[in-house]
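Heads up: the structure comes next, in structure tokens.
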Amino acid sequence: MADIQSLPGFREFYPEERAILGHVFEVWRRTCRRYGFREWESPVLEPLELFTEKSGEEIVRQLFNFEDKGGRQVSLRPEMTPSLARMVGAKANGMAKPIRWFAIGENYRYEKPQKGRLRAFYQLNADLLGEAGPTADAELIALCADCLIGFGLQATDFKIRISDRTLWFKYLESQGVPEANASAVLGVVDKLERGSPADLLQAMNIALAGTKVDAAKLLADVRTFAAIRSLDDLTKVAGSDAAMQARLTEWQLLLSTIASLGFSECVTIDLTIVRGLAYYTGFVFEAFETSGDARALAGGGRYDTLVKKLGGPDLPAVGFGMGDVTLRDLLASKKLIPAYADGPDFFVMVLGNDVRPSALEDVAKLRRAGFRVEYNLRDGKFPKLIQSAETAGAKFALIYGTDEVAKGVTKVRSLVDRKEAEVPRADIIPALRAVLEEGMDAIIP
RNA sequence: GUGGUUGUAGCUCAGUUGGUUAGAGCACCGGUUUGUGGUACCGGGGGUCGGGGGUUCAAGUCCCCUCAAUCACCCCA
């Protein structure tokens, strides 16, 4: 056991683990490319102000920040969106809109680690900038769904709950809540499912301090409003409120676009989702697994003011993040993690030091041709070597003994069905390429 | 940050009311007479029993502290 352990909340990935991570990255990347998104990357370490300026004091204590040797206040990135906003903002004027970008990177936050929640985790970020209309939100929600479906998950395994901070603000306005108190009230809404009635009422009283709104009544109204699950019911509640009705036509476009793209059964209206993050401005959504814990798999929404706040142009934007930790837990429980297979194509069995030069000559030749090749570094006996080939995970063994080398051939042995055939060493590249593609039949006379 | 649970070889665990050089299975390495592999048998390496301190003639076994994992709360980018 090593004396020095890895830091709490940080993971080590042995090859088997790294292969799973690679699979996750691969599905994310492939799916985003299918939607026309392009990959970007930003520094892992950023000036502390990038994250504190917009997020406020509460988030500072969760930042993985410190002072560097030059006396700079720096922080590992807790998310990639501020970096994205800065990068896009700097060059947005010259970029074709809409901008479709995605990134896969490790993010950090200094918190007490728990299952599904670490100090370092990988996350997919997909963002669409330059389009303010709901069609952009729909595109991102579709991409989010496809990023989950790409792993083999069914539409019934998860649900994307869609909510709307704009609609909430319009609703609260219609209930007489001053604009200044609206955010605090949404904070209470966020806790509706978890808090006790007494705590919620107290929280609501604090949120409404200095106003004439009745806390108990608003709490009841808000609870009812949050429970609405259909556009029709929302329209009824909106009644003659023009602002809310206008917003609901946006909803219609959002939902019809999602339907046209074929993702109706993946989404549901759920106004209990408000998301804590301060910079969200419009539609927000979270993807949950439908079984068991119902943990959040992904979350995102519209942040139309962030780019400008960070010094860029006035650029509307919508995006989401999807972490690897919870996703992996879900894939494991659904048995959707592919078997680990990372062996070489060929294991060259060098039977004796007399033939070693000839064997290594072919090893090098095969490697230059792009094959994955391993061989025994030390001399060994036949049964031992064939077992080595097996445990290395090779598909085929290439036997180099004195007989074979004398005849100018190598013997190919399938480690799966144990068939054997000889191949002239002069033809080794095309012959083995055929073996990999068509199997042993390609060289069995 | 607060509280509960857990911590013995790479993995899964045994270790009796504290008592001699801490064990098993799997895994790994080697061998079973020298060119054909998932079985069987034999052997080997590997643990300062998470770390530190204390009680005792004696502690993996009891007490305290600490570290880590995990669960709940908090918070969620």
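First the proteins, then the strands, lettered A, B, ... as listed; each starts at 1. Computation of the quantities below employed the complete heavy-atom set of this structure, encompassing side-chain atoms and omitting hydrogens, waters and symmetry-equivalent molecules.
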Worksheet entry | Pairwise C1' distance for B:rA9 and B:rC49, with rounding to whole Å | 10 Å

Practice prompt. Scan A:G401 against the nucleic acid and name what it touches under 4.0 Å (heavy atoms): base, sugar-phosphate only, or nothing.
Written response: base

Worksheet item: Is the cationic atom of A:R165 (NZ for Lys, CZ for Arg) positioned less than 6.0 Å from the six-membered ring centroid of A:Y303 and within 45 degrees of its normal?
Response: no

Worksheet item: How would you label the contact of A:D403 with the nucleic acid (heavy atoms, under 4.0 Å): base, sugar-phosphate, or nothing?
Response: base

Discussion item. What contact category does A:G9 fall into here, base, sugar-phosphate, or nothing, at under 4.0 angstrom with non-hydrogen atoms?
Written reply: sugar-phosphate

Discussion item. If I pick the P atom on B:rC41 and the same atom on B:rC26, what distance separates them, to the nearest angstrom?
Written reply: 9 Å

Worksheet item: Across the strands shown, which category fits A:T402 at heavy-atom distances under 4.0 angstrom: base, sugar-phosphate, nothing?
Response: base

Discussion item. Restricting to salt bridge (Lys or Arg N to Asp or Glu O under 4.0 Å), what partner residues turn up for A:R372, sequence neighbours left out?
Written reply: A:D342

Worksheet item: Considering heavy-atom distances to RNA chain B, does A:Y110 or A:R413 have its closest nucleotide positioned more toward the 5' end?
Response: A:R413

Worksheet entry | Atom C1', compared across B:rG45 and B:rA27: separation rounded to whole Å | 13 Å

Discussion item. In the structure I gave you, are the side-chain heavy atoms of A:W101 and A:M87 within less than 4.5 Å of one another anywhere?
Written reply: yes

Item to complete: Take atom CG of A:N376 and atom C1' of B:rU36, then tell me their distance rounded to the nearest Å.
Response: 14 Å

Practice prompt. Would you mind telling me which of B:rU32, B:rU2, B:rA69 lies closest to the side-chain atoms of A:K112?
Written response: B:rU2

Discussion item. Here's one to test your reading of the geometry: is the NZ or CZ of A:R100 within 45 degrees of the ring axis of A:Y35 and under 6.0 Å from its centre?
Written reply: no

Practice prompt. Compare side-chain N and O positions of A:K191 against OP1 and OP2 of B:rC75 and report whether any pair is under 4.0 Å apart.
Written response: yes

Worksheet entry | Value in whole Å for how far the P atom of B:rC76 lies from CD of A:E79 | 13 Å

Practice prompt. Heavy atoms only: give me the nearest A:V222-A:L172 pair and the separation to one decimal.
Written response: CG2-CD2, 4.2 Å

Worksheet item: Atom CZ of A:R418 and atom C1' of B:rG38: how far apart are they, to the nearest Å?
Response: 7 Å

Worksheet item: Atom OH of A:Y14 and atom C1' of B:rC11: how far apart are they, to the nearest Å?
Response: 12 Å

Item to complete: Using a 4.0 Å heavy-atom cut-off across all strands, classify A:S414 as base, sugar-phosphate, or nothing.
Response: base

Worksheet, complete the sentence: Closest to the 5' end of RNA chain B, once A:F382 and A:Q123 are matched to their nearest nucleotides, is A:F382

Worksheet, complete the sentence: Between A:R302 and A:P316, the two heavy atoms sitting closest are NH1-CB, 3.8 Å

Discussion item. Can you confirm if the NZ or CZ of A:R119 lies within 45° of the ring axis of A:Y108 and under 6.0 Å from the centre of its six-membered ring?
Written reply: no

Worksheet item: In terms of ring plane angle, is the pair A:F151 and A:H23 parallel, tilted or perpendicular, where the classes change at 30° and 60°?
Response: perpendicular

Fill in: Rounded P spacing from B:rA59 to B:rC67 in Å
26 Å

Worksheet item: Within less than 4.0 Å of OP1 or OP2 of B:rG30, is there a side-chain N or O belonging to A:K384?
Response: yes

Worksheet item: What is the distance from CG of A:L7 to C1' of B:rC67, rounded to the nearest Å?
Response: 13 Å

Fill in: Distance between C1' atoms of B:rG47 and B:rC28 (Å, rounded)
16 Å

Discussion item. Can you check the distance between B:rU70 and B:rG31, where both ends of the measurement are the P atom (answer in whole Å)?
Written reply: 41 Å

Worksheet item: Any donor-acceptor pair under 3.5 Å between the side chain of A:E404 and the base of B:rG35?
Response: yes

Worksheet entry | Partners meeting salt bridge (Lys or Arg N to Asp or Glu O under 4.0 Å) with A:R418 (sequence neighbours left out) | none

Worksheet item: C1' atom, B:rC74 versus B:rA58: distance in rounded Å?
Response: 46 Å

Practice prompt. Taking Watson-Crick and G-U wobble pairs with both distances under 3.5 Å, convert RNA chain B into its dot-bracket string, 5' to 3', dots for unpaired and | for cross-strand pairs.
Written response: (((((((..((((.....[...)))).(((((.......))))).....(((((..]....))))))))))))....

Practice prompt. Return the nearest nucleotide to the side chain of A:R378; candidates are B:rA68, B:rU36, B:rG30.
Written response: B:rG30

Discussion item. What I want to check is whether an N or O donor and acceptor connect the side chain of A:K411 with the base of B:rU36 at under 3.5 Å.
Written reply: yes

Worksheet item: Between B:rC76 atom P and A:F51 atom CZ, what is the distance in whole Å?
Response: 18 Å

Practice prompt. Would you mind classifying the nucleic acid contact of A:L385 as base, sugar-phosphate or nothing, using non-hydrogen atoms under 4.0 angstrom?
Written response: nothing

Fill in: d(CD, A:E111; P, B:rA69) in whole Å
14 Å

Worksheet item: Nearest-Å distance, CG (A:D379) to P (B:rG30)?
Response: 13 Å

Worksheet entry | Atom P, compared across B:rU61 and B:rU16: separation rounded to whole Å | 11 Å

